There are 2 protein chains.
Amino acid sequence: MPQNHTDTPGTDDATPALTREALAQAALRVLERDGLAGLSMRKVAAEVGVKAASLYWHVRNKQELLDLLTDAVMGSAEPPPREGDWREQFHAYCWRYRRLLLGTRDAAKVVAGRLAPGPNLLGLMEDQLDRLRAAGFTDADAAMASYLLGAFVQGFVLQEQSPISASEVLGTSRRDIADAAGDLFRALPAETFPNLVDLAGDLTEPNMDARFEFGVQRILDGLAALLPPERR
Amino acid sequence: MPQNHTDTPGTDDATPALTREALAQAALRVLERDGLAGLSMRKVAAEVGVKAASLYWHVRNKQELLDLLTDAVMGSAEPPPREGDWREQFHAYCWRYRRLLLGTRDAAKVVAGRLAPGPNLLGLMEDQLDRLRAAGFTDADAAMASYLLGAFVQGFVLQEQSPISASEVLGTSRRDIADAAGDLFRALPAETFPNLVDLAGDLTEPNMDARFEFGVQRILDGLAALLPPERR
DNA sequence: ACCTGAACACCGTTCAAGT
DNA sequence: ACCTGAACACCGTTCAAGT
């Protein structure tokens with residue numbers, strides 16, 4: 001079996017040394033393959049060709065590995081180009097963050113579990129704050145707006161990705177999910193739920209991009225109101 | 001040991017019959033006591049004086065029990081009074097929902113995991129949509145706004161409750177969390193992170209109520225822009 | 001109709017022991 | 001310095017068997 005026979009790393013890297021970074025990447029691969037529920041220490045260990053107990057040499061516990069994983073996910077984020085007004089850039093930030101979370105399996109759940117500002121997230125925050133201040137927001141408002149963006153996008157994607165359960169209230173039909181959900185709303189007693197019955201179509205509108213855009217626009221309009229009129 | 005010796009429920013309820021509702025309440029008690037990570041089928045079973053395997057008679061699997069639990073959490077929600085303009089009422093809705101999620105241990109995590117519209121949630125949606133339409137929002141906007149409220153509040157509380165990890169980037173100091181976080185931001189290299197250093201105080205402002213209110217106000221302003229001027 | 005015992009295939013974590 | 005085997009105290013779920 002391959003073995004490191006030297007203490008000075010870099011001189012003989014046939015076995016590339018088990019770094020925390022390598023662990024994070026392995027965890028990311030397991031996450032993609034098996035989802036967050038299937039992400040176990042044993043599997044991550046196997047992914048790097050080692051036994052589960054060995055991981056505890058590099059990492060205090062599973063949560064710390066998840067923290068590394070979180071920042072690894074953030075690592076593939078790219079700030080939008082510095083073009084257009086603040087609205088355009090904030091808008092792009094929201095959409096890119098959502099795309100990022102949608103792009104990695106269970107990413108929203110991973111990120112939501114922990115507030116772990118690793119180097120990658122710190123870089124993004126720095127950049128974002130810089131643009132908000134340049135747009136004319138006060139320090140406090142810039143900080144708040146940045147936080148709001150994160151909370152909103154994470155919350156939205158989490159909601160977006162959470163599976164719809166057909167509980168006994170709604171029956172158990174199958175079919176195209178959105179249509180089925182619409183029918184179920186329509187099938188509710190109209191005396192007790194007149195609005196749900198009436199808005200069944202709108203409520204089960206499956207275009208999540210449109211729903212997201214709605215939210216982003218509300219927040220943009222709300223933020224604009226904080227600026228002096230000439231900077232909006 | 002106590003035993004039901006009759007098939008007609010209600011005539012002899014010394015043993016109150018294991019209903020799904022009772023299971024949900026038991027799960028809620030375990031959740032309060034041990035948190036979501038500590039909520040196991042075995043513990044819920046013990047809570048109702050039964051073995052784990054028995055639960056599978058009443059419930060398909062753990063996820064279905066969590067769905068029941070979700071609606072049980074929603075069950076203690078009370079719609080705000082029908083007073084004031086739509087802004088005031090929407091505002092109250094946001095705050096009450098947040099208070100509800102903060103009031104039960106790990107409630108945000110439970111609710112975020114699954115889109116399970118049980119009877120209690122349906123009632124809330126119905127009421128909310130009714131008010132939004134009365135305020136003058138179009139059907140589509142009312143549906144969107146209702147969804148936005150849910151996503152935002154859940155996302156916010158989830159973020160609010162997620163523990164801050166002191167990763168190796170930020171050092172490992174203890175002390176009052178907010179102060180420590182502030183110091184850690186201030187300790188970053190000012191050349192690479194000028195804004196984080198500069199806004200350290202604002203970024204680590206521990207008043208979550210204020211942060212939440214900020215978000216709510218942005219959304220309210222954004223929604224207002226959808227209405228004809230005379231109804232804002 | 002409802003509950004149990006026993007089993008299966010997993011978990012995260014610890015720790016003495018190896019090299 | 002880094003890894004392993006073995007163990008501990010758990011998991012969710014199934015299923016034949018009980019009453």
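Predicted model, so just to flag it, every value in this text is computed and none were measured. Numbered from 1 within each chain, the chains take letters A, B, ... in sequence-line order. Hydrogens, waters and symmetry mates play no part in the numbers below; they use all other heavy atoms, side chains included.
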Exercise for the section: Take atom CZ of A/R60 and atom P of C/dT14, then tell me their distance rounded to the nearest Å. Expected result: 11 Å

Problem - Nucleotide C/dG5, atom C1' - distance to NZ of B/K51 in whole Å - result: 8 Å

Handout entry: Rounded C1' spacing from C/dC3 to D/dC15 in Å
Key = 13 Å

Exercise for the section: Report the nucleotide, chosen from D/dG12, D/dC3, C/dT13, that has the shortest atom-to-atom distance to any side-chain atom of A/N61. Expected result: C/dT13

Handout entry: Rounded distance (Å) that lies between atom P of D/dG12 and atom OH of B/Y56
Key = 6 Å

Fill in the blank from the handout: Note: B/D127 and B/P79 closest approach over all heavy atoms is OD2-CB, 3.4 Å

Exercise for the section: Determine the contact category for A/L65: base if any of its heavy atoms lies under 4.0 Å from a base atom, sugar-phosphate if only primed atoms, P, OP1 or OP2 are that close, otherwise nothing. Expected result: nothing

Problem - Among C/dC15, D/dG12, D/dT13, the nucleotide that comes nearest once only the side chain of B/S40 is considered - result: D/dG12

Practice task
Hey, which sits more toward the 5' end of DNA chain C by its nearest nucleotide, B/R42 or B/L55?
Solution key: B/L55

Handout entry: Spacing of A/Q63 atom CD relative to C/dT13 atom P, expressed in whole Å
Key = 9 Å

Practice task
Over 60° means perpendicular and under 30° means parallel, so classify the ring planes of B/F212 and B/F152, tilted if in between.
Solution key: parallel

Fill in the blank from the handout: Per atom distances to the B/V50 side chain, the nearest of D/dC3, C/dT4, D/dG5 is C/dT4

Exercise for the section: Consider the side chain of B/M41, meaning its heavy atoms from C-beta on, and name the nucleotide among C/dG12, D/dG12, C/dT4 that approaches it most closely. Expected result: D/dG12

Exercise for the section: For ring-ring contact (aromatic ring centres under 6.0 Å, His included), just list the numbers for B/F193 and B/F185, CA-CA rounded to whole Å, side-chain angles, deciding distance to a tenth of an Å, and then say yes or no. Expected result: CA-CA 9 Å; B/F193 302 110; B/F185 275 117; 9.1 Å; no

Exercise for the section: Quote, to the nearest angstrom, the C1' distance that separates C/dC11 from D/dA7. Expected result: 14 Å

Handout entry: Below 4.0 Å: OP1/OP2 of D/dC2 and any side-chain N or O of A/W57
Key = yes

Completion exercise
Under a 3.5 Å limit on both distances, the Watson-Crick or wobble mate of D/dA7 is C/dT13

Exercise for the section: Please examine the side chains of B/L100 and B/E78, heavy atoms only from C-beta on, and report whether any two atoms are closer than 4.5 Å. Expected result: no

Practice task
Would you mind reading off the distance between A/D34 atom CG and C/dC10 atom P, rounded to a whole angstrom?
Solution key: 12 Å

Completion exercise
From the candidates D/dG12, C/dT4, C/dC11, the one with an atom nearest any side-chain atom of A/K43 is C/dC11

Problem - B/H58 vs C/dA1: side-chain N/O to OP1/OP2 distance below 4.0 Å - result: no

Exercise for the section: Identify whether any heavy atom of B/S54 sits under 4.0 Å from a base atom; if not, whether one sits that close to sugar-phosphate; answer base, sugar-phosphate or nothing. Expected result: base

Problem - A/R211 side chain to A/E205 backbone, donor-acceptor under 3.5 Å - result: yes

Exercise for the section: Could you tell me whether the phosphate oxygens of C/dT13, OP1 or OP2, come under 4.0 Å of any side-chain nitrogen or oxygen in A/K62? Expected result: no

Handout entry: For D/dG18, the Watson-Crick or wobble partner whose two distances fall under 3.5 Å
Key = C/dC2

